Amino acid sequence: MFAEKPGLPWGISAIMQFVRMLDPTLADDLSSEKPWIMSPLLSAMPFLKVEKIEANSRWPEFPAAQPFVDNCHILQAPTSNIERRKYFRDPAKRSEHTFGPELLLTADFVHGHVHFPSLKISFPGGIELQSTKYWHEGQRVMLAGCEKAADGSAGPGRTFFCVAFEIVPE
């Protein structure tokens, strides 16, 4: 989600078509007053771990001492992250699951396409986009965990978490 309308590079529609090849579940509306790009968490996150936690129990240490391994066996999903992402591209498979407070989801956004802190986006074939060229100082871009809009329309609904990125001059 964007806090305000960003300046978009020439050819953005072609870029988004290419991105949809990498993530077929991606949906977007970059021309709206509050632009957004969405993809279901289960199929978008390169690494995802789902654990059942008991009420009033302590959460696991975060960040963990060791990198976590993709583990969605509770969801009866494939064990490899690549197969899990393919499996959950199907909306029917995603809709079979309900997430409540007894489940702890740990996700890692590291996938090699977005490079932090430069916010450079790399595509297969050596194509790169320096997103900071189209992003002005003080403008925020947010990675948010949302449910679908309650009315069934496209776009984000209720927000569960949000991580905001803002360019800060050095």
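For the numbers below, each heavy atom of this structure counts, side chains included, while hydrogens, waters and symmetry mates do not. Remember, predicted model here, so these are calculated numbers, not experimental data. Along the sequence shown, residues are numbered consecutively beginning with 1.
Residues L26 and M16 approach most closely at CD2-CE, 3.5 Å, considering heavy atoms. Counting all heavy atoms, side chain and backbone alike, R85 lies closest to A44 at NH2-O, 3.4 Å.
Atoms CZ and CG, on F88 and L75 in that order, are 5.0 Å from each other to the nearest 0.5 Å. To the nearest 0.5 angstrom, E102 atom CD is 9.0 Å from I74 atom CD1. Distance check: R20 CZ to I37 CD1 gives 9.0 Å after rounding to the nearest 0.5 Å. The distance from atom SG of C72 to atom CE of M45, rounded to the nearest 0.5 Å, is 12.0 Å. One distance of note links OG of S43 with CZ of R89; it measures 7.5 Å at 0.5 Å rounding.
A salt bridge does not link E96 to R94: none of the charged side-chain nitrogens sits closer than 4.0 Å to a carboxylate oxygen.
A 6.0 Å sphere centred on CD of Q76 holds no more than 12 heavy atoms belonging to other residues, nucleotides or ligands.
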Quiz item: How far apart are the C-alpha atoms of D28 and M38, what are their side-chain angles, what is the distance that settles it, and do they pass the side chain to side chain contact (heavy atoms under 4.5 Å, CB included) test?
Solution: CA-CA 6 Å; D28 70 271; M38 260 181 18; over 6 Å; no
Exercise. May I have the step-by-step check of side chain to side chain contact (heavy atoms under 4.5 Å, CB included) for L41 and L105, ending in yes or no?
Key: CA-CA 10 Å; L41 183 75; L105 281 70; 3.7 Å; yes
Exercise. Report the C-alpha separation of E128 and I121 in whole Å, then their side-chain angles, then the decisive distance to 0.1 Å, and conclude whether the side chain to side chain contact (heavy atoms under 4.5 Å, CB included) test is met.
Key: CA-CA 6 Å; E128 295 182 347; I121 302 169; over 6 Å; no
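Panel note: side chain D70, backbone L48; a donor-acceptor pair is recorded below 3.5 Å. At distances below 3.5 Å, at least one donor-acceptor pair connects side-chain atoms of R84 with backbone N or O atoms of L42. With N81 contributing its side chain and P46 its backbone, the two residues share a donor-acceptor pair below 3.5 Å.
I53 belongs to a hydrophobic cluster whose remaining members, ordered by chain and number, are W59, L104; membership requires side-chain heavy atoms of ILVMFWY residues under 4.5 Å apart, directly or through intermediates.
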